[in-house]
Amino acid sequence: MKTTLLPLVFLILSLSQAFAQDKADTVIYTKSKIISVFGNDWTYKSKGDGKWVLLVEENEEVKIKDLPVRNRFTVGLDSELGINQVTPTDRMPVVKPWGSWFYAINMTGKTKISKNFHLYSSLGVNWYNFKLEDRNLIAAKTPNGVEWEEFAGPGTGTKSKISASYLNFTLVPTILTTNQKLRLGLGGYAGVRIGGRGKFVYEDENGDKQKQFEKSNMYAENFRYGARAEIGVSDVTLFFNYDLNNLFQENLGPEVQALSFGVLLR
């Protein structure tokens, strides 16, 4: 039995060596360790510039092969802080920039198409706030639309504003320099309204602060859409939004478009 088994084992080993010499190597890529295949060492790892490289050691000679970078998609969170305004301003009371804050909280996605071209997308909630320059003017919701009423007292107005919140989707194709320190993005957005209200604050005849709210949508448009620009320098990114539709529903408020600008915090 042993005399029969030994030649059989020798034959199998000889065939496997001959087959290994003719067959192309099959490599399992790994980021953390070296794989030895048919006497060669293969190392697959990331370079400092984000590219991947394959190191092949054959007969004590190392060959370096750059590998193509695949498209990558990453997700994250960001926020936006800015100022709201309206245009044209002569169709409604003057909106005071300081205090007309724009806030946004977004879940973001970045698709790396190439080193110099990324596609940014986001889904989140943003808030429009419009603070009136005239603190004694109240935005009132009537059956005929939004009307601007003078506060009759007693007391003195200290703050008057209207606000609206939207669930918003944004898509911004972006061009980057080779070192990615400069970025320019042009895209758009669309959203659906999820809230809104009016707020008026005044001091009564005793000097006490009083607040009154109009808990309604203030006839703000249910849908919004517009154009967006982003300019980035190093770690700072500025944004500019311009609504292409009216802020208020048709025939229920002044025909004005909202715009906002500020800083994007990624």
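Side chains are part of it too, since the values below use all heavy atoms of this structure and drop only hydrogens, waters and symmetry mates. For this chain, numbers begin at 1 and follow the sequence in order. None of the values given here were measured: they were computed from a predicted structure.
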Trainee: Residues two or more places apart in sequence or in another chain: which of them pass side-chain contact (heavy atoms from CB on, under 4.5 Å) with Thr156?
Mentor: Asn136
Trainee: Does anything in residues 171-187 form a side chain to side chain donor-acceptor pair (under 3.5 Å)? List the pairs, not counting sequence neighbours.
Mentor: Thr177-Asn179, Arg183-Thr237
Trainee: Under the salt bridge (charged side-chain N to carboxylate O under 4.0 Å, His left out) test, which residues partner Glu80, sequence neighbours left out?
Mentor: Arg228
Trainee: With a 4.5 Å limit on heavy-atom distance, are the side chains of Val75 and Thr108 in contact?
Mentor: no
Trainee: Just wondering, do Leu81 and Phe102 contact through their side chains at under 4.5 Å, heavy atoms?
Mentor: no
Trainee: Quick one: side-chain contact (heavy atoms from CB on, under 4.5 Å) partners of Ile83, sequence neighbours excluded?
Mentor: Pro97, Trp101, Phe261
Trainee: Do Ser100 and Val95 come close enough that some side-chain heavy atom pair is under 4.5 Å?
Mentor: yes
Trainee: Ring pair (Phe, Tyr, Trp, His ring centres under 6.0 Å) for Tyr128 and Phe130? Distances and angles first, verdict last.
Mentor: CA-CA 7 Å; Tyr128 278 169; Phe130 301 93; 5.7 Å; yes
Trainee: Would you check, one step at a time, whether the test side chain to side chain contact (heavy atoms under 4.5 Å, CB included) holds for Ile194 with Val125?
Mentor: CA-CA 9 Å; Ile194 56 177; Val125 178; 3.9 Å; yes
Trainee: Can you get from Leu264 to Leu119 by hopping between Ile, Leu, Val, Met, Phe, Trp and Tyr side chains that sit under 4.5 Å apart?
Mentor: no
Trainee: Given a cutoff of under 4.5 Å between side-chain heavy atoms of I, L, V, M, F, W and Y, with clusters grown through shared members, what are the other residues clustered with Ile231?
Mentor: Leu184
Trainee: How long is the span from the CD1 atom in Ile105 to the CG atom in Asn126, to the nearest 0.5 Å?
Mentor: 10.5 Å
Trainee: Starting at CG of Leu171, measure out to OG of Ser122 and round the result to the nearest 0.5 Å.
Mentor: 9.0 Å
Trainee: Do Val94 and Met218 land in one hydrophobic cluster if side-chain heavy atoms of ILVMFWY residues count as linked below 4.5 Å?
Mentor: no
Trainee: Do Val192 and Leu167 touch side chain to side chain, with heavy atoms closer than 4.5 Å?
Mentor: yes
Trainee: Under 4.5 Å side-chain heavy-atom separation, chaining through any Ile, Leu, Val, Met, Phe, Trp or Tyr, what else clusters with Met107? Say none if it is isolated.
Mentor: Leu77
Trainee: Please confirm whether Lys112 makes a cation-pi placement over Phe73, using NZ or CZ under 6.0 Å from the six-membered ring centre and within 45° of the ring normal.
Mentor: no
Trainee: Should Phe248 and Trp127 be regarded as members of a common hydrophobic cluster, given that ILVMFWY residues are connected when their side-chain heavy atoms come within less than 4.5 Å of each other, either directly or indirectly?
Mentor: no
Trainee: What residues form a side-chain contact (heavy atoms from CB on, under 4.5 Å) with Phe213, not counting sequence neighbours?
Mentor: Arg197, Lys199, Lys211, Lys215
Trainee: Does Phe239 reach the side chain of Val263, with side-chain heavy atoms less than 4.5 Å apart?
Mentor: no
Trainee: Remaining members of Leu186's ILVMFWY cluster at a side-chain heavy-atom cut-off under 4.5 Å?
Mentor: none
Trainee: Kindly indicate, with the supporting measurements, whether the criterion side chain to side chain contact (heavy atoms under 4.5 Å, CB included) is fulfilled by Met92 and Trp148.
Mentor: CA-CA 9 Å; Met92 70 174 287; Trp148 316 99; 3.7 Å; yes
Trainee: Say whether Asp243 and Tyr189, considering side chains only, have a donor N or O and an acceptor N or O under 3.5 Å apart.
Mentor: yes
Trainee: Looking at side-chain heavy atoms only, is the closest gap between His118 and Leu176 below 4.5 Å?
Mentor: yes
Trainee: Does any part of the side chain of Leu182, heavy atoms only, come nearer than 4.5 Å to the side chain of Val233, both counted from C-beta?
Mentor: yes
Trainee: Test Arg193 against Asn217 for side chain to side chain contact (heavy atoms under 4.5 Å, CB included), laying out the working first.
Mentor: CA-CA 9 Å; Arg193 189 184 57 78; Asn217 63 4; 3.3 Å; yes
Trainee: Is it true that Lys131 and Asn84 share a donor-acceptor pair across their side chains at a distance under 3.5 Å?
Mentor: no
Trainee: Would you check if Glu205 and Pro154 make a side-chain contact, meaning some heavy-atom pair closer than 4.5 Å?
Mentor: yes
Trainee: To the nearest 0.5 angstrom, please state how far the CZ atom of Phe169 sits from the OG atom of Ser121.
Mentor: 5.5 Å
Trainee: Tell me, which pairs form a salt bridge (Lys or Arg N to Asp or Glu O under 4.0 Å) where one or both residues lie in residues 100-110, sequence neighbours left out?
Mentor: none
Trainee: Ignoring hydrogens and angles, write down the donor-acceptor pairs under 3.5 Å from the side chains of residues 250-259, residues two or more places apart or on other chains.
Mentor:
from	atom 1	to	atom 2	distance (Å)
Gln257	NE2	Asn246	OD1	2.7

Trainee: Are Leu238 and Tyr120 connected, step by step, through hydrophobic side chains (Ile, Leu, Val, Met, Phe, Trp, Tyr) whose heavy atoms are closer than 4.5 Å?
Mentor: no
Trainee: Which Ile, Leu, Val, Met, Phe, Trp or Tyr residues join Tyr202 in one cluster when any pair of side-chain heavy atoms under 4.5 Å counts as a link?
Mentor: Ile138, Phe151, Phe200
Trainee: Please enumerate all residues that pass side-chain contact (heavy atoms from CB on, under 4.5 Å) together with Phe117, with sequence neighbours excluded.
Mentor: Ile113, Ser114, Pro173, Ile175
